[in-house]
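Since the structure comes first, as structure tokens, the remarks are kept for the end.
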Amino acid sequence: MYDDNNVFAKILRGEIPCKKVFEDTHILAFDDINPQAPVHTLVIPKGKYVSMKDFAEKASDAEIAALTRAVGKVAEIKGLNESGYRILANAGVDAHQEVPHLHIHIFGGRALGPMLVRK
Ligand code: AMP
């Protein structure tokens with residue numbers, strides 16, 4: 001069930017500002033408010049999708065293509081293609097998803113270390 005009051009829904013409605021990086025018909029990309037790396041940008045579909053499962057099942061082919069292309073565009077806009085970057089999407093409790101609107105994190109601008117914290 002999609003929560004219309006989540007923070008990214010508010011950004012999409014223009015109720016909360018964001019530092020926009022890229023936008024097209026289906027996608028908005030903006031800088032994370034609490035960056036974990038010198039570059040930390042979020043890429044979100046404009047449609048109401050909670051998670052990748054939701055998106056994969058319900059989004060149109062055009063939306064799915066747009067999300068993939070937008071990730072590539074943002075990496076280019078942020079100048080990450082030479083140095084490299086990491087993309088990540090949290091889903092659900094184990095991944096500690098905080099905002100229940102699908103978002104792809106793009107991290108870069110420094111050596112990012114191993115993929116997961118080892119316990
Ligand atoms: P996740 O844990 O994958 O759900 O990540 C949610 C991300 O959204 C976190 O990295 C937050 O810093 C970020 N965030 C929360 N509120 C805002 C906001 N108003 N503008 C930009 N990023 C936000």
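Every number for a ligand or one of its atoms is a count from 1 in the order of the listing. These values consider heavy atoms only, across backbone and side chains, with no hydrogens, waters or symmetry-generated copies. In this chain, numbering begins with 1 at the start of the sequence shown.
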Within the 4.0 Å heavy-atom shell around [X], which atoms of ligand 1 are there?
| X | result |
| --- | --- |
| Asn90 | 1 (P), 2 (O), 3 (O) |
| Asn34 | 12 (O) |
| Phe30 | 21 (C) |
| Val7 | 16 (N), 19 (N) |
| Leu42 | 8 (O), 22 (N) |
| Val99 | 4 (O), 6 (C) |
| Glu98 | 1 (P), 2 (O), 4 (O) |
| His103 | 1 (P), 3 (O), 4 (O), 5 (O), 6 (C) |

Using a 4.0 Å heavy-atom threshold (strictly under), name the region of [X] that reaches ligand 1: side chain, backbone, both or neither.
| X | value |
| --- | --- |
| Asp31 | backbone |
| Asp32 | both |
| His96 | backbone |

_Please compare Ile44, Leu102, Ile33 and report which has the shortest non-hydrogen distance to atom 15 (C) of ligand 1._
Ile33
*In plain terms, say whether Glu63 and Lys46 are close enough for a salt bridge, that is, a side-chain N and a carboxylate O under 4.0 Å apart.*
no
_NZ/NE/NH1/NH2 to OD/OE distance under 4.0 Å, Lys10 and Asp4_ = no
*Answer yes if Phe55 and Leu12 sit in the same cluster of Ile, Leu, Val, Met, Phe, Trp and Tyr residues linked by side chain heavy atoms under 4.5 Å apart, and no otherwise.*
no
*Compute the minimum heavy-atom distance from Lys19 to ligand 1 and say whether it is under 4.0 Å.*
no
*The single option from His40, Lys19, His103 passing side chain to side chain donor-acceptor pair (under 3.5 Å) against Asp32*: His40
